[in-house]
Structures are given as structure tokens and as C-alpha cells.
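Let me begin by presenting the structure, written as C-alpha cells, before commenting on it.
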Amino acid sequence: MEKAYDHTKYESKIYQLWELSNAFSPIVPKSKNERLLAKPFCIIMPPPNANDPLHIGHARFVAIEDILIRYHRMKGEVTLWLPGSDHAGIETQFVFEKKLKEQGKSRFDFDRDTLYKMIMEYVQTNTKTMHNQLRQLGASCDWSRHKFTLDPDIVQFVLNTFKKLYDEGYIYRGKRIVNYCPYCGTNFSELEVDYKETEDEIYYLNYGIINIATTRPETIFADVAVAVNPNDKKYSSLIGKIAVIPIIKREVPIIADVLVDPNFGTGALKITPAHSATDFDIGIKHKLPIISVLDDQGNMTNCPVEYLGLKANQARKKVVEDLETQGYLIKKELINHTVGHCYRCKGTIEPKVSEQWFVKIKELSQKAIKLIKDKEIVFPSRKYEKFAKNWLKNLRDWNISRQIVWGIQIPAFRCQKCLEWTITNGGTPQNCHFCKHDKFIQDQDTFDTWFSSGQWPYATLKTTNPGDFDFFYPTTIMNSSYDIIPFWIIRMIMLGFYETQKPPFKVVLVHGLVRDKHGIKISKSKGNVIDPIEMVEKYGSDALRMGLVWGANLDNDISLSEENIKGQRNFCNKLWNISRFVLATIPSKSIYKFQSSKPKTKNNSDKEILKKLANTVKKVTKLLDKYRLNEAAETIYSFIWKDFANDYLEKSKLRKVEAQPVLEYVLSISLKLAHPFMPFVTETIWQEMHKHSLEKNNLLINSSWPKD
RNA sequence: GGAUUUGUAGCUCAGCUGGUUAGAGCGCACGAUUCACAUUCGUGAGGUCGAUGGUUCGAGUCCAUCCAAAUCCACCA
């Protein structure tokens with residue numbers, strides 16, 4: 001063995017050794033009796049987006065899940081970690097369009113099929129990179145069961161669920177205000193809109209007998225009413241009377257609604273249902289018509305001819321000029337208010353009325369809440385349980401259509417004759433239910449990516465090996481960072497229970513984000529990005545993994561510094577050198593049987609270290625069962641470095657031959673304890689130890705978890 | 001406006017159901033050196049656990065109030 005541990009020499013070889021021995025692929029017991037005795041342990045990996053290399057956040061979840069997986073595998077449970085990748089709808093299409101733009105092209109240069117094929121190729125290349133990166137991180141997942149969200153069998157499940165939801169009355173098509181991005185050409189869910197404080201001009205306008213204030217004068221042509229608060233005394237005499245829209249001189253009613261804030265602007269609000277969410281709600285309540293003055297490209301329409309075709313901000317300028325010359329502009333002032341921006345392209349979101357597919361959420365979310373209340377789904381962290389329940393409680397109907405190509409096209413077919421919709425689970429229908437016509441056009445929209453990933457746990461297990469679903473479902477643990485609880489975790493609970501009448505997982509293990517060494521959020525613009533693969537190459541996978549669980553408990557965000565990773569690299573080297581010391585006196589050619597059971601001894605320092613070892617085993621086991629990975633890691637670190645190396649090993653130098661059995665025993669148990677955290681260095685040492693062993697295929701990964 | 005969380009050593013953070021002199025890593029100071037390891041070893045400095053009250057035999061831990069900070073959600077004409 002060399003003087004220092006050089007991870008670059010061993011890591012990829014060790015991973016190959018595991019993969020070739022099928023160590024990651026569980027064998028589901030065939031007979032009923034065997035199955036009753038076997039204990040399943042299953043984690044479905046949150047499928048990384050197939051559009052970019054892995055970032056440090058992925059590395060954290062890989063570390064966490066791999067630690068748990070290896071621990072349970074060593075405990076003898078039938079352990080499956082199922083890897084996957086996510087087509088990640090809008091995200092991926094956006095990343096891809098950025099690449100197109102670099103080549104001076106756009107999505108409008110291609111037809112639907114071509115664009116889809118191009119993105120698919122791009123995604124497949126990325127997926128390969130991602131898989132190799134997962135290998136570099138040491139992920140002991142079962143590659144033979146890998147699934148992709150656009151695998152045909154997965155897609156079929158998603159289509160079936162949509163059809164079932166439709167048949168059972170959970171799906172409807174409705175007019176709603178959606179967050180439309182004219183640049184991206186699609187709408188976004190509420191969660192995908194960033195609200196930013198913006199300084200804008202607000203214009204006070206004369207509407208005949210009443211004055212209003214607005215930041216969007218270009219939409220006055222879409223006004224259908226003026227509303228005041230019913231308790232606002234200064235306007236009570238005007239309710240029911242008529243206001244007049246400037247320039248076009250259209251008469252609209254003055255109505256009363258509690259949603260109007262009497263202290264804002266003039267206390268009177270122009271109602272524009274097509275371009276504002278609040279106005280839309282008020283419009284529905286008062287049965288007002290909807291007039292839209294902006295088309296899908298964000299150009300003016302349904303307005304006087306001089307504004308036709310202008311962009312909203314151009315139109316605004318011109319309208320304001322005209323209002324001023326015609327004497328309708330009373331005053332303008334600057335205000336700070338929040339405006340929705342597209343989280344992808346950062347452009348202004350245009351609230352827009354459009355027809356979308358919705359899932360009725362109430363019943364589904366109530367059942368999900370009940371599963372959590374009944375502890376059928378357990379959140380070890382109280383705060384994230386509250387977070388998830390709170391989200392479920394406040395969910396609104398779920399808009400699942402997106403106006404993009406990259407995704408699963410919605411199986412909704414519109415009859416060309418009567419324009420009614422027919423829903424299938426994939427194929428074009430034979431005849432229209434309503435008029436018997438046989439020509440259809442399929443909806444161009446695709447599903448929200450979370451609608452398909454929300455079905456991930458059962459869709460994957462039902463499409464891998466026969467028997468997987470029965471044995472592994474409900475899965476044991478779902479692990480994710482807290483930021484995708486609203487998008488993903490709660491959707492999986494709702495759809496999983498809807499489809500299987502069982503929770504999709506028993507435990508939701510939520511972890512925090514990775515931050516830089518000062519606790520600052522990592523972002524490209526701040527330049528504090530930590531590339532996991534760079535760290536692996538520099539310090540080794542084991543060091544990075546330890547760094548990612550070290551120092552902060554799972555719930556909280558973790559501050560990761562290169563110094564910390566370096567310190568863990570030093571720990572790997574410490575373990576390496578302990579082994580070098582222990583193995584130094586072993587004859588190198590003959591067959592050697594290592595001390596694998598607890599040695600009998602009368603020596604006091606022997607007894608002391610054996611006792612400390614037993615306590616450490618007990619403590620680490622308990623901590624791992626409670627998901628307190630940071631404390632477990634620290635316990636192992638401190639035992640190996642302080643108790644074993646600095647204390648016992650130093651003392652043993654005077655009596656090396658006599659102490660040899662204890663040294664061997666403590667080393668082998670230490671390797672087992674450390675293996676889930678630092679799989680590469682521990683396996684490398686194990687292989688070194690068993691070079692001349694009689695047992696074939698003696699892999700640490702397959703060994704058993706220590707008991708005392 | 002609603003919800004959640006945090007405040008412990010210079011920095012980043014552990015400390016689970018309350019129980020001796022409050023811990024780790026990094027950093028800092030001093031010292032050691034052909035020893036398995038300089039990716040090392042030894043010694044040490046450094047904290048009235050955000051503040052004030054309360055419960056208790058006993059509070060970093062539980063309760064109340066206050067101060068400071070963070071995150072998420074809603075609204076903004």
C-alpha cells in the first residue's frame with residue numbers, strides 16, 4: 001500500500017467491481033413464504049433533470065440516499081434504489097432554446113416533430129453524462145431498473161391516469177387567468193412566477209362621473225366596469241350609475257365589490273377581466289363580459305385602429321399621450337408595486353384569459369392531508385410536515401396544460417365539426433360522442449411536467465421487473481429538498497393515492513439546500529458555485545460525501561466549504577494509514593484469515609477499545625435509524641481518528657503482535673461503519689485486506705452491518 | 001397581511017423526550033518531528049447559549065414577551 005491514499009487510482013475501478021457483481025440489483029424473493037420473511041427497503045431517486053450536468057444539490061441527495069441504501073443493504077434488507085431521469089418540460093425546452101439562440105435559431109424554425117426529436121437527442125446525451133456523474137458520486141442504484149419520464153410505458157400510465165381522472169369527473173376545461181409569458185409562448189403555474197418590486201407610473205384618469213387610477217392604461221379598451229368598495233361612503237351614491245371609458249367613450253356600469261381597496265389610488269378600480277386576476281374574479285362574480293386587447297404574441301387587438309398590433313408598452317405610451325391631449329389624464333405619479341416576471345426568461349408575465357385543462361384538487365388534497373394526519377406518511381421533520389400540510393390545504397385547482405412541445409401531448413381531441421372534446425388514453429378516437437363526426441384535431445398542449453413526475457413511484461415500479469410493485473410499494477423513503485415539496489411531493493401523494501389507494505411512500509425525508517461556506521445561497525450570478533465533479537476529482541468522492549452530511553442536520557441548509565471537504569479527504573487518508581499500519585505485519589503471499597469475531601483479551605487497553613467500539617456501533621445504528629446522518633458521521637470520525645488511531649493504535653505499538661487480533665477486528669468493524677459514508681476508500685482497503693482471502697467475491701458492500 | 005424557522009466559540013454548525021465542569025470541524029497560539037499518516041502528533045486560548053421574565057430541585061433545551069435575521073405564500077389597480 002502506498003504512503004497516501006490516492007482516490008484517482010481506485011474509485012472508478014471499485015465502482016466497476018460493484019456494478020459487475022450486480023451488488024446494486026436486489027433479487028425479489030419468488031415464493032410467498034420468502035417474501036413474508038424478507039424486508040423490502042426502497043427509495044425512488046428523485047429523477048434529475050435531463051437537461052444539465054449535476055449540481056451540488058444533486059450531490060447532497062445522492063450522499064443522503066446512498067448512505068441509507070448502503071446501510072439497509074448491509075442490514076440484509078432487500079434494497080432497491082431506483083434511478084431515473086426527468087424530461088423536465090419547460091426547464092428543458094428553455095435550456096434547449098437558449099442553445100438554439102446561440103446558433104441564431106429559434107423554435108419557430110422547426111415543426112413540432114423535428115423540434116421534439118432534436119430535444120430528445122440533446123436529452124439523451126445529457127442523460128449519459130448525468131449517469132456517469134452519479135457513478136462518480138458512488139450512487140449504488142440499480143441501473144437495470146432505470147426509468148425515464150418519457151419511456152413509452154411510463155407515458156402510458158400518465159395518459160391512463162388523465163383518462164381516469166376525466167372519466168371520474170376530476171378534469172375540466174376552463175377559462176382562467178393564467179400567467180402567460182409572451183416570449184416563452186406558454187403559461188406558467190403560480191409557482192413559476194417571480195414577483196418583483198417594480199417602480200411604475202400610475203395614471204389617474206377621468207371616467208366621466210368617477211376617476212380611476214391605473215398602471216396599465218393600454219388595457220382601458222378591455223374595461224367592462226368600474227368597481228368601488230361597498231363601504232366607501234364617498235362613492236355610495238354612484239353605485240349603479242354609468243362611467244365612460246376615455247377615447248372610445250364606451251359606457252360601463254359602476255359596481256360595488258369588497259375586493260376593492262378604498263385607500264388605493266382614487267378608491268375606484270377599472271375592471272379588466274381579461275388582463276388581471278382580481279378583475280377576472282370580480283368579473284365572474286358580477287357576470288361581466290371578457291374583452292381581451294392583447295393576443296398571444298402580446299400585440300394589441302380589439303382596440304382603435306391606431307393602436308392595433310403595438311406591443312403593450314408601446315401602446316401604453318401612445319395611449320397616455322392621447323389621454324393627455326384629450327384631457328382625460330388628471331395626473332401621474334410613481335409607485336412601487338410588484339409585477340410578475342417569468343422565472344425563465346425574466347420577461348413580464350401577462351395575465352391572460354385562456355382555456356386550459358384543470359384538475360379539481362379539493363378531494364385529492366383532503367385525502368392527502370388525511371394520510372399525513374393518520375401517520376400513513378411520516379415526516380420525521382415537524383416543520384416540513386406543517387409546510388406540506390399547509391400547501392395541501394391552500395391548493396387551488398391545478399392547471400396541467402402547457403403550451404410547449406417538449407413533454408407528453410395531452411390526449412384531448414377536438415371534433416372538427418361540433419368542437420366538443422373527446423378524451424382518450426392515447427389514440428385518436430373513432431367517432432365524436434356528440435355528433436358522430438370522425439375528424440379530430442389533438443390539443444397541441446403538453447402536460448405540466450409535475451403531472452407526470454407526480455406519478456413516478458408507482459409508474460416506475462409497475463414498469464420494471466414483474467413483482468417489483470407488489471414487493472416494494474409503498475416505497476420506504478422519499479427524499480427531496482424542501483423547495484420541491486409544493487411541486488412534487490404533495491402531487492405524488494395525491495396522484496399516488498388516487499391510482500393505488502395506498503400512499504406512495506412511508507417516510508418523507510426532507511433536506512435543506514447546499515450553501516457556500518458563508519451560508520450564502522449558491523447561484524451562478526454570485527459566482528459561488530461549487531461543482532461536485534470538480535470536488536470529486538480533487539478530493540475524492542468519499543470526501544465530498546462526508547462534507548455534504550457533515551456539520552448540519554438534514555433539515556437545515558448546509559454550508560459547504562472546500563476546507564471541509566479537504567478535511568474529510570484527510571480523514572480518508574487517516575483510515576488508509578491506519579490500515580497500512582494494521583496490515584504491515586501480514587505475510588503478503590500466503591492465505592491469511594482475518595480476525596472477524598470479537599477477540600478474547602485480558603489487556604486493559606484492548607478491553608477499552610472494544611468497549612468503545614461496541615458503543616460506537618450502537619450509537620451509529622441508532623442515529624442512522626433516526627436519519628441523524630451528521631451525528632452518525634461525526635461519531636464514526638471521532639471514534640476512528642481519536643479513539644482508535646490516536647489512543648489505541650499508539651499504545652499498541654509496544655505490543656503489536658499481541659494486539660494484532662484486536663487491531664484487525666476494530667479495523668474491519670470501523671470499515672463497515674464508515675462504508676455507507678465513504679464507500680470507495682473503505683472498499684479499497686477491504687479489497688487490500690482480502691487479497692489473499694479464500695472467500696471469492698468478498699465485497700464490503702455485500703458484508704453485514706455490525707451488531708454489537 | 002398569513003405561515004414557518006433561526007439566534008450557541010473568530011467562521012460554519014451539532015447539541016434528540018430538561019440532568020454533572022456546554023461540543024465538533026475549520027481558524028488561531030505554542031510546541032514536536034526520518035514513528036502508519038506533515039493529508040501528522042501534542043498542548044492551549046476562546047462562549048454570562050440574542051434580551052428580559054416565568055415554570056422547575058435543576059433550563060442552551062419548556063412557556064411568555066421583546067429584539068434581530070431568514071424562508072415560503074397572498075395582495076398591490
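As a basis for the values below, the full set of heavy atoms in this structure was taken, side chains included, without hydrogen atoms, waters or symmetry mates. Lettering follows sequence order; numbering is per chain, from 1.
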Rounded to whole angstrom, note down the [atom1] distance from [N] over to [M].
{"N": "B/G15", "M": "B/G23", "atom1": "P", "result": "15 Å"}
{"N": "B/A9", "M": "B/G25", "atom1": "C1'", "result": "12 Å"}
{"N": "B/U65", "M": "B/U21", "atom1": "P", "result": "31 Å"}
{"N": "B/G2", "M": "B/A74", "atom1": "P", "result": "16 Å"}
{"N": "B/C57", "M": "B/U20", "atom1": "C1'", "result": "15 Å"}
{"N": "B/G19", "M": "B/C62", "atom1": "P", "result": "11 Å"}
{"N": "B/C72", "M": "B/A59", "atom1": "C1'", "result": "32 Å"}
{"N": "B/U17", "M": "B/G60", "atom1": "C1'", "result": "16 Å"}

Nucleotide [N], atom [atom2] - distance to [atom1] of [X] in whole Å:
{"X": "A/D643", "N": "B/C41", "atom1": "CG", "atom2": "P", "answer": "14 Å"}
{"X": "A/L269", "N": "B/C75", "atom1": "CG", "atom2": "C1'", "answer": "13 Å"}
{"X": "A/D647", "N": "B/C41", "atom1": "CG", "atom2": "C1'", "answer": "12 Å"}
{"X": "A/R382", "N": "B/U5", "atom1": "CZ", "atom2": "C1'", "answer": "10 Å"}
{"X": "A/Y539", "N": "B/C26", "atom1": "OH", "atom2": "P", "answer": "14 Å"}
{"X": "A/E199", "N": "B/A77", "atom1": "CD", "atom2": "P", "answer": "15 Å"}
{"X": "A/K574", "N": "B/U40", "atom1": "NZ", "atom2": "P", "answer": "7 Å"}
{"X": "A/D557", "N": "B/A69", "atom1": "CG", "atom2": "P", "answer": "19 Å"}

Could you please name the partner base of [N], counting Watson-Crick and G-U wobble pairs only when both distances are under 3.5 Å?
{"N": "B/A14", "value": "none"}
{"N": "B/G53", "value": "B/C63"}
{"N": "B/U43", "value": "B/A29"}
{"N": "B/C72", "value": "B/G2"}

Base, sugar-phosphate or nothing for [X]? Non-hydrogen atoms, less than 4.0 Å.
{"X": "A/V339", "value": "nothing"}
{"X": "A/Q568", "value": "nothing"}
{"X": "A/L649", "value": "base"}
{"X": "A/K270", "value": "nothing"}
{"X": "A/N553", "value": "sugar-phosphate"}
{"X": "A/W550", "value": "sugar-phosphate"}

Among [options], the nucleotide that comes nearest once only the side chain of [X] is considered:
{"X": "A/K653", "options": "B/G25, B/A77, B/C35", "value": "B/C35"}
{"X": "A/S559", "options": "B/C16, B/U12, B/A77", "value": "B/U12"}
{"X": "A/N630", "options": "B/A36, B/A77, B/A14", "value": "B/A14"}

Candidate pair A/K383 and A/D555, rule salt bridge (charged side-chain N to carboxylate O under 4.0 Å, His left out), full reasoning: CA-CA 9 Å; A/K383 74 172 167 185; A/D555 278 13; 5.0 Å; no
On RNA chain B, check which nucleotide each of A/G265 and A/N390 is closest to and give me the residue with the more 5' one. A/N390
Need to verify one output field. Residue with the more 5' nearest nucleotide on RNA chain B, A/N646 or A/A213? A/N646
May I ask you to verify if any side-chain N or O of [X] is less than 4.0 angstrom from the OP1 or OP2 atom of [N]?
{"X": "A/K642", "N": "B/G25", "result": "yes"}
{"X": "A/N394", "N": "B/A3", "result": "no"}
{"X": "A/K389", "N": "B/U4", "result": "no"}
{"X": "A/W641", "N": "B/C41", "result": "yes"}
{"X": "A/H518", "N": "B/C11", "result": "no"}
{"X": "A/K3", "N": "B/U40", "result": "no"}
{"X": "A/N556", "N": "B/U6", "result": "no"}

Judged by modelled atom types alone, do [X] and [Y] share a side-chain donor-acceptor pair under 3.5 Å?
{"X": "A/T266", "Y": "A/N211", "value": "no"}
{"X": "A/D606", "Y": "A/Y648", "value": "yes"}
{"X": "A/K270", "Y": "A/T219", "value": "yes"}
{"X": "A/D200", "Y": "A/H337", "value": "yes"}

Is there a donor-acceptor pair closer than 3.5 Å between any side-chain N or O of A/R491 and the backbone N or O of A/P486? yes
Within the 4.5 Å heavy-atom criterion, are A/I56 and A/L548 side-chain neighbours or not? yes
Would you call A/T621 and A/Y71 a side-chain contact if the rule is heavy atoms closer than 4.5 Å? yes
Base [N] paired with [X] side chain (donor-acceptor, <3.5 Å):
{"X": "A/E631", "N": "B/A24", "value": "no"}
{"X": "A/K386", "N": "B/A3", "value": "no"}
{"X": "A/R628", "N": "B/C16", "value": "yes"}

Is any NZ, NE, NH1 or NH2 atom of the basic residue among A/K619 and A/E634 found under 4.0 Å from an Asp or Glu carboxylate oxygen of the other? no
